[in-house]
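Written below as structure tokens is the structure these notes are about.
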Amino acid sequence: SHPQTKPLTWRVWVTYEALGLHPAYIEVSIPAGQPFVPGSTRVYAYTVTGSTKHRGAMINYADGSTPGLSVTEPLPGAADQTLRVNFPDALPGAPNSKYWVEFETSIADTFIEASYTNTAVHHNDYNPTIDLPATVSVRRGGELVSKSGIQGSDGYAWWTLEVNASQSTLDAGATIVDSLSLNQNYVPGSLSIVPASVDRNGRMTASGPPLTETTDYTVNVTETSSSKQVTIAFVNAIDQAYIATFKCTIYAEEGGGNTQ
């Protein structure tokens, strides 16, 4: 799944082996943390060639043109968050008895995890009740900050922080604490933070003008005899990725410190 658009698409294939349907339905208990997207359920016919599924035409389940096919979606905010799809009866081996069901859940406005699970339960008298679990991985999900650096030809250490690559929604005041090694001094005014886009392979690219210090973020440097820290705090809530860069003067001893 791609976190920038923030829906998760789930697919369920019913009667893959044409075992028959009577009375057949699937139920999906939507897990907390990924609310169901109203109106997202789609039902298609499909065929199978070898091990390959071929999605066919979408079936309009709302107009009554396919008797026995119905969809009950969970209502936003309701205690029961169960999606149910009922299927028409069909004898084993009957043509046109395969159904491809798709629906969406949302991971917007929350911390985006590395993966999500969902389980559909298939009920059918022609075969035992079957649990159909699935897992969706989110590229760079769960990742809030990563750090890399180089020593430039100008002699400075240039540090890059990839912030909120998961594109989670974080409350105002989200803070990064970067601990520098003692042989580095942060160069005041060198910090730049720009919005970033994240492609489907997880690569981040600057995609907008720099944020404004004080208005959009604050930076504070603290130093003791045993530690040096650069603290960056976002003034407002954020829900996208950013690239932050800054430079430090360095001395003979090498070391990059760590970031939290």
Side-chain angles (χ1 to χ4, degrees), residues 1-4 6 33 107-116 137-260:
S1 178
H2 188 218
Q4 189 162 333
K6 301 183 180 176
I107 52 175
D109 303 323
T110 188
F111 176 75
I112 295 176
E113 305 284 355
S115 64
Y116 292 84
S137 296
V138 180
R139 184 77 67 176
R140 300 192 74 166
E143 185 176 323
L144 292 179
V145 62
S146 63
K147 181 182 179 181
S148 62
I150 60 170
Q151 183 174 358
S153 59
D154 55 7
Y156 289 103
W158 287 90
W159 298 106
T160 298
L161 306 177
E162 292 188 337
V163 181
N164 198 25
S166 64
Q167 299 165 91
S168 298
T169 298
L170 305 176
D171 292 340
T175 300
I176 302 163
V177 179
D178 190 0
S179 296
L180 304 176
S181 56
L182 294 177
N183 64 320
Q184 298 183 77
N185 283 329
Y186 170 79
V187 176
S190 66
L191 177 63
S192 174
I193 303 177
V194 297
S197 60
V198 184
D199 69 17
R200 293 186 179 275
N201 294 313
R203 292 186 293 264
M204 291 178 62
T205 306
S207 61
L211 302 187
T212 302
E213 187 175 352
T214 304
T215 302
D216 300 315
Y217 67 90
T218 61
V219 57
N220 185 46
V221 180
T222 56
E223 181 176 349
T224 69
S225 60
S226 60
S227 69
K228 293 181 181 180
Q229 292 184 328
V230 178
T231 301
I232 303 166
F234 288 89
V235 173
N236 305 303
I238 63 173
D239 61 0
Q240 68 176 104
Y242 294 92
I243 297 174
T245 57
F246 63 90
K247 65 181 180 181
C248 295
T249 55
I250 55 176
Y251 302 100
E253 179 186 351
E254 294 185 355
N258 60 78
T259 303
Q260 300 177 354

OG on Ser146 to CG on Asn164, rounded to 0.5 Å
11.0 Å
Do the side chains of Leu161 and Tyr242 get nearer than 4.5 Å, heavy atoms only?
no
Sequence neighbours excluded, which residues qualify as side chain to side chain donor-acceptor pair (under 3.5 Å) partners of Ser207?
none
Heavy atoms only: give me the nearest Ala165-Ala241 pair and the separation to one decimal.
CA-CB, 4.3 Å
Within-4.5 Å side-chain heavy-atom neighbours: Ile107 and Glu113
no
Under 3.5 Å donor-acceptor, Ser168 side chain and Ile112 backbone:
yes
Identify, with sequence neighbours excluded, every residue that meets side chain to side chain contact (heavy atoms under 4.5 Å, CB included) alongside Asp216.
Leu211, Thr212, Asn236
Considering all heavy atoms of both residues, which atom of Gln229 and which atom of Ser179 are nearest to each other, and what is their separation?
NE2-OG, 3.3 Å
By side chain to side chain donor-acceptor pair (under 3.5 Å) - contacts of Lys228 (at least two apart)
Asn185
So the salt bridge (charged side-chain N to carboxylate O under 4.0 Å, His left out) pairs with at least one residue in residues 203-214 (sequence neighbours excluded) are Asp199-Arg203
Which distance, rounded to the nearest 0.5 Å, do you find between the OG of Ser227 and the CG of Leu182?
7.5 Å
Under the side chain to side chain contact (heavy atoms under 4.5 Å, CB included) test, residues paired with Ser153 that sit two or more places apart
none
Qualifying residue for side chain to side chain contact (heavy atoms under 4.5 Å, CB included) with Ile193, from Val163, Val219, Ile232
Ile232
Within the structure provided, determine whether Val187 and Tyr156 are in side-chain contact (heavy-atom separation under 4.5 Å).
yes
Using the side chain to side chain contact (heavy atoms under 4.5 Å, CB included) criterion, which residues pair with Thr160? Sequence neighbours excluded.
Ser148, Ile243, Thr245
Separation of Leu170 CG from Gln240 CD (nearest 0.5 Å):
11.5 Å
Can you see which heavy atom on Cys248 is nearest to which on Leu180, and at what distance?
SG-CD1, 3.8 Å
Please, which pairs that meet ring-ring contact (aromatic ring centres under 6.0 Å, His included) have at least one residue in residues 181-212, sequence neighbours excluded?
Tyr186-Phe246
According to side chain to side chain donor-acceptor pair (under 3.5 Å), who are the partners of Glu162, at least two apart in sequence or on a separate chain?
Arg140
Minimum-distance pair of heavy atoms, taken over all atoms of Pro210 and Val194:
CA-CG1, 3.7 Å
Give a yes or no answer on whether the side chain of Ser166 reaches the backbone of Glu143 with a donor-acceptor pair at less than 3.5 Å.
yes
Separation of Ser137 OG from Tyr116 OH (nearest 0.5 Å):
11.5 Å
Any Asp109 side-chain heavy atom under 4.5 Å of Asp239 side chain
no
How far does CD1 of Ile176 sit from NZ of Lys147, to the nearest 0.5 angstrom?
11.0 Å
Test of understanding: with side chain to side chain donor-acceptor pair (under 3.5 Å), list the residues that count as partners of Asp171, not counting sequence neighbours.
none
Per the ring-ring contact (aromatic ring centres under 6.0 Å, His included) rule, what does the pair list look like for residues 189-227, sequence neighbours excluded?
none
Please name all residues satisfying side chain to side chain contact (heavy atoms under 4.5 Å, CB included) with Thr214, sequence neighbours left out, ordered by chain then number.
none
Pairs flagged by ring-ring contact (aromatic ring centres under 6.0 Å, His included) wherever residues 160-184 is involved - sequence neighbours left out:
none
